[in-house]
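Below is one structure, written out as structure tokens; comments come after it.
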Protein chains: 4
Amino acid sequence: MAGSVNKVILVGNLGADPEIRRTQDGRPIANLRVATSESWRDRNSGERRERTEWHRVVIFNEGLCKIAEQYLRKGSKIYVEGQLQTRKWQDQSGQDRYSTEVVLQGFNSALTMLDGRSDSPGGGGGGGGFGDTQQDYGQPAPAQEGGFSRDMDDEIPF
Amino acid sequence: MAGSVNKVILVGNLGADPEIRRTQDGRPIANLRVATSESWRDRNSGERRERTEWHRVVIFNEGLCKIAEQYLRKGSKIYVEGQLQTRKWQDQSGQDRYSTEVVLQGFNSALTMLDGRSDSPGGGGGGGGFGDTQQDYGQPAPAQEGGFSRDMDDEIPF
Amino acid sequence: MAGSVNKVILVGNLGADPEIRRTQDGRPIANLRVATSESWRDRNSGERRERTEWHRVVIFNEGLCKIAEQYLRKGSKIYVEGQLQTRKWQDQSGQDRYSTEVVLQGFNSALTMLDGRSDSPGGGGGGGGFGDTQQDYGQPAPAQEGGFSRDMDDEIPF
Amino acid sequence: MAGSVNKVILVGNLGADPEIRRTQDGRPIANLRVATSESWRDRNSGERRERTEWHRVVIFNEGLCKIAEQYLRKGSKIYVEGQLQTRKWQDQSGQDRYSTEVVLQGFNSALTMLDGRSDSPGGGGGGGGFGDTQQDYGQPAPAQEGGFSRDMDDEIPF
DNA sequence: TTTT
DNA sequence: TTTT
């Protein structure tokens, strides 16, 4: 096949603590409920309106599961990058149902905390594995105390 | 609290010609079926495997509907940028069902042909309006005088 | 031309307060210095390494300039979506120089605060114009106090 | 503090054949010149205007280098996903210069052909390695057993 | 220097 | 149901 792309980017908040399950062979799967919201002023009524969208995010990637388990909680703000997948399942009455999820698996997936507490990944924890070597898995980032301005003054003259 | 992002980017092919419907007040809505595929070599068996994902793309944006109607056909390859929305509907038996779609509406939506025939937009044809100064073809500054924003406040006429 | 896309997405922190200038005809232009960082553990030495990248972000969009001016400060965390542009200029000695910037202009641009103080956009400010009708220009978003969980309990059963 | 994102997405055409160089230890580096264009109708004059932007794309990822070398040519249309990096160099007179590039390296990078000839990757040919189970072609789970990550810790050999 |  |  010549070239396709399937990418979802979300910045939103967790509606609940992550749910972590394990496959029979022990690999973790994390399920997140992520809310994104938009609001705007109605052009006619002038009222402010809001719409919240809920997303099912499923993480098969082991390193990202660990991050989810250790650092994410209800209310956490995250950046998520994954792909759209719709899976079929049967309800109690045996009818086909479909569920569309944002799947983080393998490459081109990312999970980044945006409201990192002080004990967030990169800051200290670590260990081997997929997760902690990837740039998007946890970026301790420049210390906010100070930090940024010093570089600024170096005047980047391009 | 502030700030969320809900973005889907697809590059794929149309599985069928676009379906164009119209709302009661005459605005067009285009429905696209877009396939994205990925293939890989199985790590164990060494066989090549492939998976195709089908996406429902719904275009409320009038200009982009025109492009869909005029230029897109079964097999067309496109770039699509929109947002994830899940809507609820009732099946024949009155049961709640949910459908997740990639919605192109208002700002931060884009539709670009990637296998443009010679009569494609931008090449020459055109005329005023949203569609052909479409998001990705140029941004001569916001069309603040009318046009674009109408979508945003109206009821979403699924 | 058949179809091209030029998109940059950044999540990072401001290295300094925004600089706002005005064109001769009074339109604002905001310049931001945005840092993105990545860190990883060196596979050989086992040491943690870090790299910070600095980005020049230029906002021509009037609504987004307002947001930058009113709400962004040194240290602010933001989501930015724009396009890459390289412009040519002459240095003092008359030599050609090039500067590559992330430009927010027209459609398919977005600026979202990710660490919004309580006085953030959408919460109150408003007025006409491009900026405040767009979903990405400022999303007051669900109140963090409570909020998310209530919707969760409604069990979205798709 | 936590979390930053640095992502560039381009769909454009090669202005020249890829240039492949090799580091002293034999790893390939591919340089691409990618054009993105936009056109729009001028609001005042009504004339059609066009602007082309040229991007420097540098590929450190070995598998993607192979794809570039084997399949890409002047005129090829591609999808590219990488990150922005500005590097410093000295011109002949010893003055500091800066060059901003779109770098494909490690995870969260992708290169996809959009005008695939019949002999393109995924279609059949292939063989093992990074390139052809390339990010967008499938993610059979992280290649945890070696391979991918080597890039990340090494000096970036501009 | 590409593409339409 | 597409594409390769």
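Chain identifiers are assigned alphabetically (A, B, ...) following the order of the sequence lines, protein sequences preceding nucleic acid strands; residue numbering begins at 1 within each chain.
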Would you kindly give the CZ-to-C1' distance between D:Arg51 and E:dT1, to the nearest whole Å?
16 Å
Quiz item: B:Thr52 side-chain donor-acceptor pair to F:dT2 base, under 3.5 Å
yes
Calculate the interatomic distance between B:Glu50 atom CD and F:dT2 atom C1'; express it in whole Å.
11 Å
Just how far, in rounded Å, is P of F:dT4 from CH2 of B:Trp40?
19 Å
Nearest to the side chain of D:Ala16 - F:dT2, E:dT2, E:dT1?
E:dT1
Nucleotide of F:dT2, E:dT1, E:dT4 approaching D:Arg33 most closely (side-chain heavy atoms):
E:dT1
By salt bridge (charged side-chain N to carboxylate O under 4.0 Å, His left out), C:Arg87 pairs with (sequence neighbours left out) C:Glu101
Using whole Å, report how far CG of B:Leu114 lies from C1' of E:dT2.
15 Å
To the nearest Å, how far apart are B:Lys74 NZ and F:dT4 C1'?
16 Å
Among E:dT4, E:dT1, F:dT2, the one nearest B:Ala35 by side-chain distance
F:dT2
Could you list the residues that satisfy salt bridge (charged side-chain N to carboxylate O under 4.0 Å, His left out) with D:Arg51, not counting sequence neighbours?
D:Glu53
Where the side chain of B:Trp54 is defined as all heavy atoms beyond and including C-beta, which of E:dT1, E:dT2, F:dT2 is the nearest nucleotide?
F:dT2
Inspect the surroundings of CD in D:Gln95 and state if more than 12 heavy atoms from other residues, nucleotides or ligands are less than 6.0 Å away.
yes
Could you check whether B:Asp17 pairs with B:Arg73 (Lys NZ or Arg NE/NH1/NH2 to Asp/Glu carboxylate O, under 4.0 Å)?
no
Rounded interatomic separation in angstrom, taking CG from B:Leu10 and C1' from F:dT2
13 Å
Rounded to the Å, how far apart are D:Lys77 NZ and E:dT4 C1'?
9 Å
What's the CZ-P distance between D:Arg49 and E:dT4, to the nearest Å?
22 Å
